[in-house]
Number of protein chains: 2
Amino acid sequence: MARNKHPEQTVQLILDTAAKLFLQKGYDKTTLQDIIDATHLSKGAIYHHFASKEAILIAVADRMGEHNTAILAEIRDRKGLTGAEKLREMCRSAVLLSFQGGIVHMLPFLIENPRFMALQMQSILEEAAPHYALPILREGIADGSIHADYPEQLAEVLLLLSDLWLHPVLRPSTPEQVRARCDFYNQFTRQYGFELLDEDIIDAIVALCRT
Amino acid sequence: MARNKHPEQTVQLILDTAAKLFLQKGYDKTTLQDIIDATHLSKGAIYHHFASKEAILIAVADRMGEHNTAILAEIRDRKGLTGAEKLREMCRSAVLLSFQGGIVHMLPFLIENPRFMALQMQSILEEAAPHYALPILREGIADGSIHADYPEQLAEVLLLLSDLWLHPVLRPSTPEQVRARCDFYNQFTRQYGFELLDEDIIDAIVALCRT
DNA sequence: AGATACAGACCGGCGGTCTGTATTATTTTA
DNA sequence: TAAAATAATACAGACCGCCGGTCTGTATCT
């Protein structure tokens, strides 16, 4: 086999397979041989499309990041909602996405992987917080649905916390504990004039943490 | 050389050297050959005392954890302070310890290392929060210096946040940003009836983030 | 003819094992 | 009770399999 007419398919195959394997076994424990066996490609094929094993990891991470960013942007630009409502929508989407898209099952992998962890933290603090959560907070302040003195810090805290308690592996919890955390979270945001979690989202989170 | 009369010294030598190297170069990039070269021991010597490279890592982590725990316990058991004052002391010690003991320089290493990260998270959520921060919070509630409806969640948030913004590598910040974060943090704790950070600690944190 | 898309032998280095050896501790024996 | 035998300790270092990465070769397209 040579001079495949659709090399992009090969790239996608490598990416899909690698993502699955990284997820199952973790990055370090996934060897190139594993990817070779699963794709039935040769070492040369893989190294023709990617400079290194790490390059595959970064490409996988980028794909996931773009997916998330697209959803955040869509909500940010939606019309006819107050800032507080957009925040609630963002939260709802994040939860449902985690649930349906299997992202929840990726989180342990993300956190256990140093490079991903760094990327994730960086994307929260340098991308998600300033470019998505912060504008929405400012909108909410402008339309009166939110009143915060330090929106920059609040944006970071909201994202970091939501990220942390969504992690079912680091935080295996009973439904009661999950509800208590949601209550605490609502109490926290209430001082800024809004409630982040409605009953439906809380139910979804509880269901999500039980898996 | 054989049948050393003080094998514990060898163990300490390995631990000290490994800790230094892990800190400088990270765990993954530190090879056994590096440790062998630095200690002038043989591979056999190291594998006589440790089952694997990972076992060395865990031993290093344990030593550090014990050190931290001892300090937390000392403050928790101190007499004649309100709960809020103990929290302040805990925070002050953590900052000064980070500054003087070089722990700050270890944090990037800790966070970049998945196993340490998991251990650290676990120790915060399963050790530090329930066994140290939570009792102090309850003390504060009892003596009236703190009023929190969800002390469990508050303990976790305090520790997770303090851990996050103490990290200078993930969060390179200007002095102004650091002060704004401290203000936000005080505003956050003020709703529970106390201020966590006094001027001295804030100055120390600012100085610490500048290094 | 040259670029592309692979195939697969090959390499240095890594964590880990295994056998060997010198020294000390313990037990056995005279 | 002292010497001899045996076992256990504390290493030393050759050796092994595997891993990420390279390099050369080859078939197919433009």
Side-chain angles (χ1 to χ4, degrees), chain A residues 1-62 109 112-116 118-119, chain B residues 1-62 109 112-116 118-119:
Chain A
M1 204 190 302
R3 199 60 209 265
N4 180 350
K5 279 193 178 168
H6 300 289
E8 351 145 341
Q9 288 181 4
T10 306
V11 172
Q12 287 303 316
L13 176 63
I14 295 169
L15 248 36
D16 291 341
T17 309
K20 201 186 298 177
L21 287 171
F22 289 166
L23 228 151
Q24 283 173 4
K25 317 173 47 168
Y27 172 74
D28 289 331
K29 286 182 182 168
T30 300
T31 70
L32 268 164
Q33 198 57 48
D34 291 335
I35 300 176
I36 290 166
D37 293 345
T39 55
H40 301 292
L41 292 169
S42 69
K43 207 164 204 177
I46 292 168
Y47 272 86
H48 174 68
H49 292 291
F50 295 94
S52 65
K53 188 187 168 192
E54 193 182 310
I56 302 175
L57 181 73
I58 290 171
V60 169
D62 283 349
F109 156 62
E112 269 170 35
N113 198 281
R115 232 166 281 277
F116 266 126
L119 278 173
Chain B
M1 202 190 304
R3 201 59 210 267
N4 179 349
K5 279 193 177 167
H6 302 288
E8 351 145 341
Q9 289 180 4
T10 306
V11 172
Q12 287 303 317
L13 176 62
I14 295 170
L15 249 36
D16 292 341
T17 309
K20 201 187 298 176
L21 286 171
F22 290 165
L23 230 150
Q24 284 172 6
K25 318 174 44 169
Y27 173 73
D28 289 331
K29 287 183 182 169
T30 301
T31 70
L32 267 163
Q33 198 57 47
D34 290 335
I35 300 176
I36 290 166
D37 294 345
T39 55
H40 302 292
L41 291 169
S42 70
K43 207 161 203 177
I46 293 168
Y47 271 87
H48 174 68
H49 293 291
F50 295 94
S52 64
K53 188 188 168 190
E54 192 183 309
I56 302 175
L57 181 72
I58 291 171
V60 169
D62 282 351
F109 157 63
E112 269 171 35
N113 198 282
R115 234 166 279 278
F116 266 126
L119 278 173

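Side chains included, hydrogens not; waters and symmetry mates left out as well; all remaining heavy atoms used. Just so we're clear, the structure is a prediction, and the values are computed from it rather than from any experiment. Quick note on labels: first sequence line is chain A, next is B, and so on, each numbered from 1.
- In this structure, His49(A) does not reach the dT4(C) phosphate: none of its side-chain N or O atoms is under 4.0 Å from OP1 or OP2.
- What separates NZ of Lys29(A) from C1' of dG20(D) is a distance of 18 Å, to the nearest Å.
- Considering every non-hydrogen atom in both Ile36(B) and Ser42(B), the closest pair reads CG1-C, 4.4 Å.
- Remark: Lys43(A), Tyr47(A) in residues 40-48 of chain A come within less than 4.0 Å of DNA chain D through at least one heavy atom.
- Distance CD1 (Ile14(A)) to C1' (dA5(C)): 11 Å, rounded to an integer number of Å.
- Taking atom NZ of residue Lys25(B) and atom C1' of nucleotide dG13(C), one finds them 13 Å apart after rounding to whole Å.
- Residues satisfying the side chain to side chain donor-acceptor pair (under 3.5 Å) criterion with Thr30(A), sequence neighbours excluded, are absent altogether.
- If you check dG20(D), dA5(C), dG15(C) against the side chain of Thr31(A), the one that comes closest is dG20(D).
- At whole-Å resolution of the value, CG in Leu21(A) and P in dC19(D) are 13 Å apart.
- The minimum heavy-atom distance linking Pro7(B) with Asn4(B) is given by the pair CD-O, 3.7 Å.
- The only member of Leu32(B), Thr17(B), Leu13(B) that meets side-chain contact (heavy atoms from CB on, under 4.5 Å) when paired with Ile46(B) is Leu32(B).
- Going from atom NE2 of His6(B) over to atom C1' of dT23(C) covers 14 Å, rounded to whole Å.
- Checking the phosphate oxygens (OP1, OP2) of dA5(C), no side-chain nitrogen or oxygen of Thr10(A) falls inside 4.0 Å.
- Put simply, CG on Asn4(A) is 7 Å from C1' on dA5(C), counting in whole angstrom units.
- For residues 30-44 of chain A, the pairs satisfying salt bridge (charged side-chain N to carboxylate O under 4.0 Å, His left out) are Lys25(A)-Asp34(A), with sequence neighbours left out.
- Here the C1' atom of nucleotide dC19(D) and the CD atom of Glu54(A) are 15 Å apart, to the nearest Å.
- The distance from atom CG of Asp28(B) to atom C1' of dG13(C) is 15 Å, rounded to the nearest whole Å.
- When all heavy atoms of Thr39(A) and Ile14(A) are compared, the closest pair comes out as CG2-CA, 4.5 Å.
- Because its NZ or CZ atom is not both nearer than 6.0 Å to the ring centre of Tyr47(B) and within 45° of the ring axis, Lys53(B) does not count as a cation-pi partner of that residue.
- Proximity note for Ser52(A) (side chain, C-beta onward) versus dG21(D), dC11(D), dG15(C): the nearest is dG21(D).
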